[in-house]
Amino acid sequence: MSGPELGVCYYPEHWDRAQWSEDARAMVDLGLSWVRIGEFSWALVESRRGQFDWEWLDTAVETLGAAGLRIMLCTPTAAPPRWLIADHPEVLPVGVDGRVRDFGSRRHYCLSSDVYLGHAKRIARHFAERYGQNPYVRAWQIDNEIGDHDTAISYSQAALFGFQVWLRRRYLEIDALNVAWGTVFWGQRYEDFSDIGLPIGTVAEPNPAHAFDFRCYSSERIALFLGTQAEIVRAHSPGRPVLHNFMAGSYDFDHHRSMGEVDETGFDSYPLGNLVHGSLPEHEKSRWLRTGSPDYQGFHCDLYRRDGYGSGGRLWILEQQPGPVNWARHNPSPADGAVRLWTWIAYAHGADAVLFFRWRQAPFGPEQFHTGLHRSDGTPDQAFGEISRIVDERQGIPATERSPAPVAMILDYPSRWAQAILPQGQGYCGEEITAAWYRAIRNLGIEVDVVGPSVDISSYELILVPDMLVDNVEFVDRMCRHDAHLVLGPRCGSLTPGMRTPEGGAPGSFRKLVNLTVERVESLPDGHEEYVELEGETFRAGGWREHVTTGDRVIGRFTGGFRPGSPAIVENDRVIYLTTLAGLSCLEKVLAKAAKRAGIASYPISEGLRVTYRGQLGFAFNFSNENVDIPERPGQRFLIGGCRLGPIDMAVWTQT
């Protein structure tokens with residue numbers, strides 16, 4: 001038997017102790033093997049400073065473990081207790097509006113606070129000392145959903161002081177900072193590092209280098225926070241993996257950097273909640289309202305597989321949406337079968353374990369309308385039955401591992417910060433651009449790893465770089481030494497890491513790979529469309545257009561009334577460069593061309609169908625409301641389903 005290991009998030013503190021053993025037994029009977037607990041338990045364990053009550057948590061661990069469940073225990077730093085806030089109100093975060101964000105919810109702490117870091121280390125040590133060798137505690141989670149509720153960046157006095165210290169270490173001399181930031185502009189010169197404030201509350205937009213450096217500093221504080229706790233837990237609980245549940249759709253800090261601080265990676269998967277809050281057009285949201293985007297689960301698994309799959313470790317879904325949530329602007333119910341699809345597609349894309357949020361719907365608190373595997377009265381809800389089906393289905397699935405993809409797509413978090421600071425157009429959205437490129441390559445039936453720019457690229461035949469605004473000389477130099485093919489999107493290399501125009505203009509150091517200079521850029525309003533002629537076909541584009549000179553081949557040109565014939569798509573023997581935000585059909589044609597040049601076969605499929613592989617296992621998922629046929633392949637033997645898929649259905653086969 002293989003298939004995904006299954007688990008659940010459980011809050012024993014919410015329920016009468018008489019229910020704990022019954023719940024644990026029911027979890028095992030359902031086929032669950034993991035239970036995650038404790039992420040909000042600090043105030044219950046340490047109700048006053050130094051006064052600990054471990055008895056209830058000891059009992060919960062013993063009850064769950066003795067029933068046969070493996071426990072993932074969380075350090076409880078996502079919700080500091082009221083006494084800590086009363087003793088140290090300075091640890092509270094401060095929002096972009098300058099207002100203190102007070103106690104009464106969760107994540108009410110500033111990541112720049114050394115006072116809070118000290119308390120986080122202390123409580124993590126107490127947890128690790130008590131449970132680090134417990135035979136039932138088999139894994140650890142550090143904190144919970146770091147950066148959620150816009151808390152990755154805080155504008156507190158602790159952040160101000162920490163940022164000033166960080167700047168002093170980075171630039172050494174104030175004159176070096178003035179030069180790097182270009183403070184001669186608008187007369188912003190500083191005489192001392194202590195003169196520098198935080199980039200908020202300015203009359204007009206702040207200095208972009210100032211804002212970017214503060215983003216870098218804030219991101220480093222998150223890595224420090226996670227890494228410090230992880231080190232403590234490892235010391236007291238050797239041999240047990242340390243994880244964090246990253247937030248899908250979060251770009252406020254460098255997840256690649258923070259993933260390096262934990263042993264294995266996980267993320268929280270809410271396909272419908274994130275659809276409602278996401279950047280897809282409204283008609284697309286309506287189309288996928290009850291299934292989520294067909295690429296949501298696959299994209300985030302491909303992102304959180306530790307920069308491809310080369311660094312080892314497991315991929316976890318630490319919270320899987322089981323039904324309507326409570327926190328989105330609108331909270332639709334998933335289609336029957338959608339939870340099953342999300343679980344299996346996670347496994348197909350490399351996740352070894354999926355934990356559902358939560359065992360039982362809470363009858364109190366802000367999440368009363370957030371469904372679980374059971375309603376608050378204990379009766380099973382939709383996902384319960386779908387999990388039962390998954391447990392039965394996985395009996396016939398052989399064990400196998402996902403292989404590295406032939407294609408890598410670069411997601412560069414500093415470039416996302418640069419886009420937010422200097423968007424040069426209200427509609428420019430890096431998240432939407434990356435999603436369109438991913439959608440296009442998956443429509444071609446081609447596997448892709450979503451990685452950071454520092455990943456080892458030697459195994460990839462094709463590299464996709466949709467929107468790397470911040471020039472990365474080290475990445476480009478590695479590309480020059482490697483023979484992979486590349487596709488570059490507009491704005492690549494348009495800013496230095498100091499938020500300046502690179503010498504010679506865009507695309508900066510990418511000019512080592514493509515003979516092209518960007519002379520002018522323009523952003524275009526929603527509703528306006530540009531048209532590109534490529535190999536006898538005309539395609540839509542829009543949102544962004546660059547005016548370039550090039551010594552390489554022009555294979556696509558703009559048509560229409562404004563500067564018709566100017567270069568839209570440029571290529572040489574290794575690189576294709578797009579000067580515009582191409583529409584989906586144009587992207588598909590460009591990426592198919594690049595894949596063919598790289599020797600990668602493509603198998604175009606319909607948008608509602610997704611096909612992927614995990615070792616010798618093939619998987620197909622139908623997100624549409626229509627029957628679809630899977631392309632037949634020689635040596636195909638079905639383990640689940642068949643060549644024709646019904647609506648919201650799936651199939652698994654072996655390939656010989």
Side-chain angles (χ1 to χ4, degrees), residues 248-249 251 271 274-275 277-288 291-303 405 407-413 415-416 419-420 423-451 462-469 486-492 523-532 534 537-546 556 568-569 576-595 602 604-610 623:
Y251 301 100
N274 287 141
L275 176 81
H277 283 184
S279 60
L280 284 177
E282 290 303 317
H283 71 278
E284 288 285 315
K285 291 181 180 181
S286 178
R287 181 181 182 186
W288 308 117
T291 62
S293 164
D295 291 318
Y296 173 88
Q297 196 84 318
F299 172 83
H300 289 100
C301 287
D302 293 341
L303 168 62
V407 179
M409 185 164 70
I410 306 298
L411 195 160
D412 182 50
Y413 288 92
S415 291
R416 292 297 170 86
Q419 292 166 15
Q424 188 57 20
Q426 188 175 7
Y428 189 92
C429 175
E431 179 181 1
E432 189 174 329
I433 293 165
T434 300
W437 283 54
Y438 184 89
R439 183 178 181 182
I441 197 74
R442 297 298 291 127
N443 280 351
L444 297 172
I446 298 174
E447 307 284 13
V448 58
D449 293 335
V450 183
V451 301
L462 175 62
I463 313 289
L464 310 181
V465 190
D467 62 339
M468 191 187 285
L469 275 68
L486 283 92
V487 183
L488 304 177
R491 301 196 77 179
C492 281
S523 59
L524 301 165
D526 294 342
H528 173 82
E529 292 181 339
E530 297 285 309
Y531 293 90
V532 174
L534 171 64
E537 295 183 75
T538 301
F539 298 94
R540 293 178 178 177
W544 188 266
R545 176 172 172 173
E546 295 176 345
I569 305 172
I576 298 176
Y577 184 99
L578 290 85
T579 73
T580 185
L581 297 179
L584 183 63
S585 57
C586 185
L587 275 175
E588 288 178 6
K589 188 173 184 70
V590 169
L591 297 186
K593 179 181 179 69
S602 60
I605 54 178
S606 64
E607 284 198 89
L609 177 67
R610 282 294 174 258
F623 283 80

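Just so you know, these numbers use all the heavy atoms, side chains as well, and skip hydrogens, waters and symmetry mates. Each residue takes its place number in the sequence, starting with 1.
- Not a single ring-ring contact (aromatic ring centres under 6.0 Å, His included) links Tyr577 to another residue, sequence neighbours left out.
- When side chains are defined from C-beta on, Asp449 does not count as touching Met409, because their heavy atoms never get closer than 4.5 Å.
- By the salt bridge (Lys or Arg N to Asp or Glu O under 4.0 Å) test, Asp412 pairs with no residue at all, sequence neighbours left out.
- Using modelled atom types and a 3.5 Å distance limit, the side chains of Tyr438 and Asp302 yield a donor-acceptor pair.
- A salt bridge links Arg439 and Glu607; the closest N-O separation between the charged side-chain nitrogens and carboxylate oxygens is under 4.0 Å.
- Side-chain contact between Asp467 and Ser415 is absent, with no heavy atoms from C-beta onward closer than 4.5 Å.
- Contact annotation: the side chain of Val487 never approaches that of Val465 to less than 4.5 Å [non-hydrogen atoms, C-beta and beyond].
- Side-chain atoms of Leu534 and Ile569, non-hydrogen and from C-beta on, do get closer than 4.5 Å to each other.
- At least one side-chain heavy atom of Thr291 sits less than 4.5 Å from a side-chain heavy atom of Trp288.
- The stretch residues 291-301 participates, sequence neighbours left out, in these salt bridge (Lys or Arg N to Asp or Glu O under 4.0 Å) pairs: Asp295-Arg610.
- Residues that satisfy the ring-ring contact (aromatic ring centres under 6.0 Å, His included) test with Phe539, not counting sequence neighbours, are absent from this structure.
- Between Gln426 and Tyr428, the side chains place no donor N or O within less than 3.5 Å of an acceptor N or O (distance only, hydrogens not considered).
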Q. Checking side-chain contact (heavy atoms from CB on, under 4.5 Å) for the pair Leu280/Leu275: CA distance, chi angles, key distance, verdict?
A. CA-CA 7 Å; Leu280 284 177; Leu275 176 81; 3.7 Å; yes
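- Using a 4.0 Å cut-off between charged side-chain N and carboxylate O, Glu530 and Arg540 make no salt bridge.
- Salt-bridge formation is not detected for the pair Arg287/Glu282: no Lys NZ or Arg NE/NH1/NH2 atom is positioned less than 4.0 Å from an Asp or Glu carboxylate oxygen.
- The salt bridge (Lys or Arg N to Asp or Glu O under 4.0 Å) test applied to Glu431 returns no partner, not counting sequence neighbours.
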Q.
Under the criterion salt bridge (Lys or Arg N to Asp or Glu O under 4.0 Å), I'd like the reasoning laid out for Glu546 against Arg491: C-alpha separation, chi angles, the key distance, then a yes or no.
A. CA-CA 8 Å; Glu546 295 176 345; Arg491 301 196 77 179; 6.0 Å; no
Donor-acceptor pairs under 3.5 angstrom involving side-chain atoms of residues 579-586: please list them, not counting sequence neighbours.
residue	atom	partner	partner atom	Å
Thr579	OG1	Pro567	O	3.3
Thr579	OG1	Ala568	O	3.1
Thr580	OG1	Trp544	O	2.7

